[in-house]
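Working notes for the structure below.
Quick note: residue numbers are just sequence positions, from 1.
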Amino acid sequence: MSDPSFDLGEPAPPPKPEAYRVLARKYRPQTFAELIGQDAMVTTLGNAIKRDRLAHAFLLTGVRGVGKTSTARLIAKALNCIGADGQGGPTIDPCGVCDPCRAIAEGRHIDVIEMDAASHTGVDDVREIIEASRYSAVSARYKIYIVDEVHMLSKNAFNALLKTLEEPPAHVKFLFATTEVNKVPITVLSRCQRFDLRRIGSDKLAAHFAHVVAAEGFEAESEALALIARAAEGSARDGLSILDQAIAHAGLEGGGVRADVVRDMLGLSDRGAVRAMFALLLGGDSAGALAAMRRQYDLGVDPLSVLRTLLETVHGVTLAKVGTDPDPSQPVEERQALADWASRLSFPVLHRLWQLLLKGHDEVARAALPIEACEMALLRVIHASQLPDPGELARQIGEGRAPAVPAQAQPAVAASGNPVAAATPAAPAPTAPALPDTIEAIRDLLARHGRHALGEAVRNHARPTRIEPPEIELGAQRPIPSDFANDLADELKRITGARWRVTTSDAPGAPSLREAEEADEAAKEAEIRNSPVVAAALAAFPGARLLGVTTNRSAG
């Protein structure tokens with residue numbers, strides 16, 4: 001016993017503070033219910049465990065931070081859990097309180113071996129696994145090997161593992177995780193049950209971050225969480241790391257996590273400001289667009305980020321135009337703006353905007369002067385709109401008309417999305433020529449435009465049942481070339497500018513031009529043969545033949 005006389009009366013030392021754990025580690029899922037965005041995989045695993053149809057090897061693949069290693073540890077828990085009473089079996093809902101569950105969660109279970117393949121790439125490392133797998137588990141139901149970044153193993157290491165991976169002992173399970181599944185040999189893939197972990201949706205990430213912020217005793221704006229979720233690109237770990245930084249920033253500034261703080265922290269452009277810039281581009285306001293770009297640049301926003309957001313805007317307008325469901329993580333104002341632009345802008349305008357902005361993005365990414373390159377790209381978006389539409393230009397050239405070139409550059413569309421009228425009244429467009437409505441007219445039209453071979457095919461094969469320009473229906477009782485209808489429709493569209501539709505039917509159709517000409521010649525020949533003079537000559541000379549029919553056009 002200690003002698004009280006030696007008590008000097010000094011206070012007990014204060015307990016050592018627990019080391020801070022980053023949010024990505026602190027909120028790592030401990031149950032399958034906490035694993036967000038992977039419902040299909042959890043259902044499959046749950047059914048396999050209930051029916052005792054467990055594979056001997058699992059391959060988990062997906063982008064960074066979606067929960068591959070966490071899922072592997074959860075599977076190890078599920079297979080080795082014995083329940084709070086020590087009598088349980090494998091379950092999709094591990095208790096988390098039994099000795100195996102706690103030891104696996106703390107990374108100290110002797111029968112759950114984790115190996116980083118990035119630092120253990122050789123045959124010797126795999127040979128250790130093969131040798132150890134022969135021995136039964138010490139205290140767990142299964143001996144489990146978790147190999148992270150398995151694609152980093154060497155070719156020889158993979159080959160050494162194949163036999164054991166195909167026929168492992170009954171007490172061994174292999175769990176592989178990788179971000180680059182294409183680098184894993186097909187011989188390994190064929191021996192594993194593969195699960196592709198999906199990117200986590202922005203709405204689910206934002207909801208998860210809201211739960212984390214509340215658990216940490218902070219407040220956060222919903223827009224700030226949406227920005228973090230969008231920047232995470234489907235990765236829970238990346239998003240929690242950004243959220244950790246945002247909370248630290250809010251602690252210094254005071255108050256909760258605000259959207260403007262997150263935007264400044266990430267160097268993101270203000271989406272409201274970019275929407276205003278997009279409207280200036282549509283309206284052809286060069287000075288206003290450049291001034292808006294400079295304001296963003298002065299705030300520290302990367303020009304590449306502005307162009308990326310403009311591309312996202314064009315993409316969002318296009319998706320809204322085709323009728324896809326809106327992104328729930330988008331603010332209401334943004335969804336309304338996208339829907340409004342979608343109702344006003346045509347697909348050709350949207351495609352042209354996309355191509356111009358995409359080219360500008362690539363140029364800025366390589367430019368020595370990014371802001372100058374960005375401004376030139378924005379000006380090109382505005383002033384390239386004076387170029388005529390390629391389809392209209394081809395139509396005018398095909399019709400022999402000179403394309404009208406405006407004397408002054410005009411924007412493609414106004415802020416409302418409608419075409420802007422030219423500064424000077426445009427000359428009235430010439431009346432389009434009438435479309436050919438007979439087979440003879442179609443053949444002659446093709447011949448005038450140098451398509452003699454197609455015109456001859458029309459003469460030989462076209463047996464019309466109905467001609468109502470720009471639609472033609474041909475009889476197909478006699479064989480016609482397989483590509484004849486498409487070639488004819490394409491060539492008529494090129495010449496006339498109208499979209500022709502050439503179809504076939506089982507009706508016999510009228511005779512082709514060639515058949516009509518041959519029938520006409522046969523009728524004339526029969527008429528001549530039946531004339532008294534020719535009939536008498538043929539009777540007098542039995543071997544005589546009628547060589548041809550000519551018409552005497554001489555006067556008198």
Side-chain angles (χ1 to χ4, degrees), residues 202 223-224 226-235 238-239 241-242 245-246 249 258-320 327 329-331 333-335 337-338 341 345 349-387 409 411-415 417:
S202 297
E223 184 180 354
L227 287 172
I228 295 174
R230 192 178 294 116
E233 297 181 347
S235 170
D238 288 6
S241 298
I242 298 173
Q245 183 179 356
H249 196 288
R258 302 195 311 272
D260 57 338
V261 173
V262 172
R263 190 177 294 111
D264 293 340
M265 183 184 72
L266 297 177
L268 298 176
S269 55
D270 185 350
R271 299 185 75 87
V274 172
R275 289 198 301 271
M277 184 187 302
F278 187 69
L280 293 173
L281 292 177
L282 295 180
D285 189 348
S286 303
L290 293 183
M293 181 64 240
R294 281 291 175 175
R295 284 195 296 270
Q296 292 291 299
Y297 184 70
D298 292 340
L299 291 173
V301 178
D302 184 11
L304 206 61
S305 174
V306 174
L307 289 176
R308 187 181 301 113
T309 309
L310 287 172
L311 282 167
E312 292 175 356
T313 303
V314 175
H315 180 251
V317 174
T318 308
L319 292 183
D327 185 355
S329 66
Q330 290 177 337
E333 297 81 3
E334 184 168 356
R335 275 182 273 174
L338 296 181
W341 282 322
L345 298 176
V349 171
L350 289 171
H351 293 328
R352 179 180 294 189
L353 284 170
W354 175 265
Q355 292 297 330
L356 290 170
L357 289 171
L358 188 62
K359 180 176 176 59
H361 181 277
D362 294 341
E363 291 176 353
V364 173
R366 301 190 305 266
L369 303 172
I371 180 60
E372 287 79 1
C374 183
E375 290 176 342
M376 295 300 294
L378 296 181
L379 290 175
R380 183 167 62 235
V381 170
I382 294 173
H383 293 289
S385 60
Q386 65 181 306
L387 298 176
V413 289

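Taking each heavy atom of Ala231 and Ile242 in turn, the nearest pair found is CB-CD1, 4.1 Å. In terms of heavy atoms, Ala365 sits closest to Leu304 at N-CD1, 3.7 Å. Ile382 approaches Gly284 most closely through the heavy-atom pair CG2-CA, 3.7 Å. Nearest approach of Ala224 to Val262, heavy atoms of both residues: CB-CG2, 3.9 Å. Between Trp341 and Arg275, the shortest heavy-atom distance links the atoms CH2-O, 3.6 Å.
The shortest side-chain heavy-atom distance between Val306 and Met293 falls under the 4.5 Å cut-off. Within the 4.5 Å cutoff, the side chain of Leu281 has no heavy atoms near those of the Leu353 side chain. The shortest side-chain heavy-atom distance between His383 and Ser286 falls under the 4.5 Å cut-off. For the pair Phe278/Val314, a side-chain contact is recorded, criterion being any heavy-atom separation below 4.5 Å from C-beta on.
Going from atom CG of Leu307 over to atom CG of Asp302 covers 9.0 Å, rounded to the nearest 0.5 Å. Atoms CG and CG, from Asp285 and Leu290 in turn, are 9.0 Å apart once rounded to the nearest 0.5 Å. Taking CG of Leu338 as the reference point, atom OG1 of Thr318 lies at 9.5 Å (rounded to 0.5 Å). Going from atom CE of Met277 over to atom CZ of Arg295 covers 8.0 Å, rounded to the nearest 0.5 Å.
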Could you list the donor-acceptor pairs under 3.5 angstrom formed by side chains in residues 371-379, with sequence neighbours left out?
from   : atom 1 : to     : atom 2 : distance (Å)
Glu375 : OE2    : Arg294 : NE     : 2.6
Glu375 : OE2    : Arg294 : NH2    : 3.4

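A salt bridge links Arg380 with Glu363; the closest basic N to acidic carboxylate O contact falls under 4.0 Å.
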